[in-house]
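Following: one structure in structure tokens, then a few remarks.
Atoms considered below: every heavy atom in the structure, side chains included; atoms not considered: hydrogens, waters and symmetry mates. Below, chain A is the first sequence line, B the second, and so on; all start at residue 1.
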Amino acid sequence: MSPGLNAPQREAIRYLNGPCLVLAGAGSGKTRVITHKIAYLVEDCGFSPANIAAITFTNKAAKEMQERVGGLLGGGKAKGLTVCTFHALGVRIVRQEAKHCGLKPQFSILDSSDTTQIVADVAGDADKAFARTLQWQISSWKNAMIPPEEAVKIAADDIAAAAAKVYGEYERTLRAYQAVDFDDLINLPVRLFAEHDEVRERWQQRLRYLLIDEYQDTNRAQYTLLRLLAGDRGAFTAVGDDDQAIYAWRGADVENLRLLQTDYPKLQVIKLEQNYRSSARILGAANTLIANNEKLFEKKLWSEHGPGDPIRVVGARDPENEAQLVAMRIQAHKFEFGTQFSDYAILYRGNHQARLFEQQLRNHKIPYVISGGQSFFDKAEIRDLISYLRLMLNPDDDLAFIRAITTPRRGVGPSTLEALGAYAGKRHVSLFEAAFEEGVAQHLNAKQLEAVQTFGQFINRLTFRAEREPAGRLLEELLTETHYEAWLMSSCDTREADAKWFNVRDFVEWLGRKGEQDGKNLIELTQTINLISMLDKDDAEFEGVQLATLHASKGLEFKHVFLVGVEEGMLPHQSALDEGNLEEERRLMYVGITRAQRSLTITWCERRKAGADVRVCEASRFIGEMGEGIAMARKDDAPVSQDEGKARLANIKALLAAKGAPG
DNA sequence: AATGTGCCTATTTTT
DNA sequence: TAGGCACATT
């Protein structure tokens, strides 16, 4: 085993006598423990990599772990190792055992806008916002493994009652579409393993040792899946930190940490308390802040690092000013200390906050990378393309059918679809299938029938060719034959169309490359598309300031961190204040602070637009809860104009020139 | 009946 | 800011 590991880390790695829970504080080397434990299992204990699975919560974390294990084992010895998210593991299980789940192996995976759409359709009244609320309730039930019949009984309020009413029909619709939602990817394997001993045992044989990262963020269904996979032998190591639990809204329950002790009385609990990441001031502020939360496990993080820079708190006039100020500080700081842009991170509560920072970074010619956020796949043009792919894979996917046949416009509109839908409903077949049944001719006029069947044949042709031709070529063909670019140009103004076309090109090239790399055809690629993030591709090496939500930043570290928008109403978020979930917000702040290695700057805005009017904000209470290690804004930290900023930068340059420092 | 136009509002966090 | 929806247009 490699040197440089401390005693508890070594203990956690070598412990194999039963289930093991590692309580790992922020920056205490938990990823190291997981990667080294995998290496230990393979190299010292004779495990085959194919029998080990490491489960993470994000694709990004999975990718990073895969790389680190690969580096540790070297020479392709990590081949066959499973490193993926719970959901990706779920896809693998459901796909392989599809027949036991009542699905074809080519089922579609729907994202939240698809599922909201279905809820809206099922509920009848098309209020989108309300549908989202209902969908959210249904998802909570699924996360807690409560079936529709049960939900009807326990629905406590009007919203829950309304959700319970559509829940059953929602599930039936998914099955009719040969589709699953994200929750199904956990729930279906759970049901499968609970009901089929033979299947469960097969998977238990296959995955003989499990390592679970970010265990504090598992929900009930995920925990149950873990238990079913691990079985009585409990051959697993779970790594977690109750202070970093930030997914309660997704059904994660820190209670699962306690549950583990109850369900596995022999559970070995090991604490990692030495922080290797942050300077003492940063760690101290984080500890002081989190001490305001009630503790589940007692844990004292300490560090051998020196005090480091004071934490700075800066108030900005408004969000524009805040973004400008951060951009200028990064520029000046980089110049002064000769750092890399990739040493800096800007972390925020909500995705929408990124925009202004992007704008200012561009203004200052500072390269940046936005990390996390499925938002790329949410873009209309990407969804358009994916709808074609989904339909090729799974002709039962009516949602994909509707989107694809109407985009770009090809003479099929609401009334054609309504007629086709009515017929399909009567025949209990998909829209696609209905289009080629003889009886459909009585419901559509000649022109409509022609349009629908031409489209169907086009898809069939693509599907046929997809199995033997490279994905890249098929995608090109898809774009050419649909005249997608021309349609983009005609449906929005040039600048917008250019941007969209750029995204499309980016997506197509990425998918084509991925197909070549993994030796997969378009159909196979499509099967996992809703689970991969574009950002997996190459952002790691890219030299740029990192932008991320606090949620997406978990597990990452940066030399210099800017925590922005730290105001009452943002962090803690207003909705959390309304519902009294202050502790989770505090943990979110804690996660943000503990990302920083050397310096931490916290900014907040005095005013912020809220819809039509402007709201006056005050600094977050969390800043006050961080104790004395922080330097409040000095006079010269006040917001400055761009000119002033340039002047300041010039000053620094002059200063450095005088000192003879390298440019 | 399909498509284009313009207004309006809603924004937590992710798989 | 961008996407969704109601209404006008072809």
Roughly, in whole Å, what's the span from CD1 in A/I370 to P in B/dT14?
12 Å

Looking at residues at least two apart in the chain, or sitting in another chain, which of them share a salt bridge (Lys or Arg N to Asp or Glu O under 4.0 Å) with A/R220?
none

Measure the acute angle between the ring planes of A/F401 and A/F432, then classify it against the limits of 30° and 60° as parallel, tilted or perpendicular.
perpendicular

Where do N or O atoms of nucleotides 8-10 of chain C meet protein N or O atoms at under 3.5 Å, pair by pair?
none

Nucleotide B/dA10, atom C1' - distance to NZ of A/K609 in whole Å:
15 Å

For A/D213, what residues pass the side-chain hydrogen bond (donor to acceptor under 3.5 Å, both in side chains) criterion, not counting sequence neighbours?
A/K30

Centroid under 5.5 Å and tilt under 30°, A/W249 to B/dT13
yes

Options B/dT14, B/dT3, C/dC5, nucleotide nearest the side-chain atoms of A/P414
B/dT3

Is the phosphate of B/dT13 approached by A/N351 (side-chain N or O, under 4.0 Å from OP1 or OP2)?
yes

Measure from the side-chain heavy atoms of A/K500 and tell me the nearest of B/dT15, C/dT1, C/dG3.
C/dG3

Rounded off to whole Å, could you give me the CG-to-P distance for the A/L420 and B/dA1 pair?
15 Å

If you compare every side-chain N and O of A/R383 against the phosphate oxygens of C/dG3 (OP1, OP2), does one of them come in below 4.0 Å?
no

Return the set of residues passing side-chain hydrogen bond (donor to acceptor under 3.5 Å, both in side chains) with A/Q66 (not counting sequence neighbours), or none when no residue passes.
none

Please give me every residue in residues 569-588 of chain A whose heavy atoms get under 4.0 Å of an atom in DNA chain B, ordered by residue number.
A/H573, A/S575

Rounded to whole angstrom units, what separation is found between the CZ atom of A/R250 and the P atom of B/dT15?
7 Å

From CG of A/D121 across to P of C/dG4 the rounded distance in Å is 14 Å

For B/dA2 and A/S415 - does any side-chain N or O of the residue sit under 4.0 Å from the phosphate oxygens OP1/OP2?
yes

Kindly say whether A/Q244 contributes a backbone atom to a donor-acceptor pair with the side chain of A/R587 at under 3.5 angstrom?
no

Residues passing the side-chain hydrogen bond (donor to acceptor under 3.5 Å, both in side chains) test with A/S620, sequence neighbours excluded, are none

A/T416 side chain N/O closer than 4.0 Å to the phosphate oxygens (OP1, OP2) of B/dA1?
no

Across all chains, not counting sequence neighbours, the side chain to side chain contact (heavy atoms under 4.5 Å, CB included) partners of A/D242 are A/V254, A/L257, A/L296, A/F297, A/K299

Distance check needed: B/dA10 C1' versus A/H352 NE2, whole Å only.
11 Å

Report yes if at least one side-chain N or O of A/T549 is closer than 4.0 Å to OP1 or OP2 of B/dT14; otherwise report no.
yes

Could you state the CG-C1' distance from A/N445 to B/dA2, rounded to the nearest angstrom?
12 Å

If each of A/R132 and A/A88 is mapped to the nucleotide of DNA chain B with the nearest heavy atom, which maps nearer the 5' terminus, i.e. the 5' end?
A/R132

Look at all strands and tell whether A/Y247 reaches a base, only sugar-phosphate, or nothing, counting heavy atoms closer than 4.0 Å.
sugar-phosphate

How would you list, by chain and number, every residue that makes a side chain to side chain contact (heavy atoms under 4.5 Å, CB included) with A/A230, sequence neighbours excluded?
A/L210, A/F236, A/Y264

On the side chain of A/R409, is there an atom forming a donor-acceptor pair with the base of B/dT3 - under 3.5 Å, no angle test?
no

Where the side chain of A/Q359 is concerned, which of C/dT1, B/dT15, B/dT13 is the nearest nucleotide?
C/dT1

Test of understanding: with side-chain hydrogen bond (donor to acceptor under 3.5 Å, both in side chains), list the residues that count as partners of A/S415, not counting sequence neighbours.
none

Distance check needed: B/dA10 P versus A/R355 CZ, whole Å only.
17 Å

Angle class for the A/F193/A/W203 ring planes (parallel below 30°, perpendicular above 60°, tilted otherwise)?
tilted

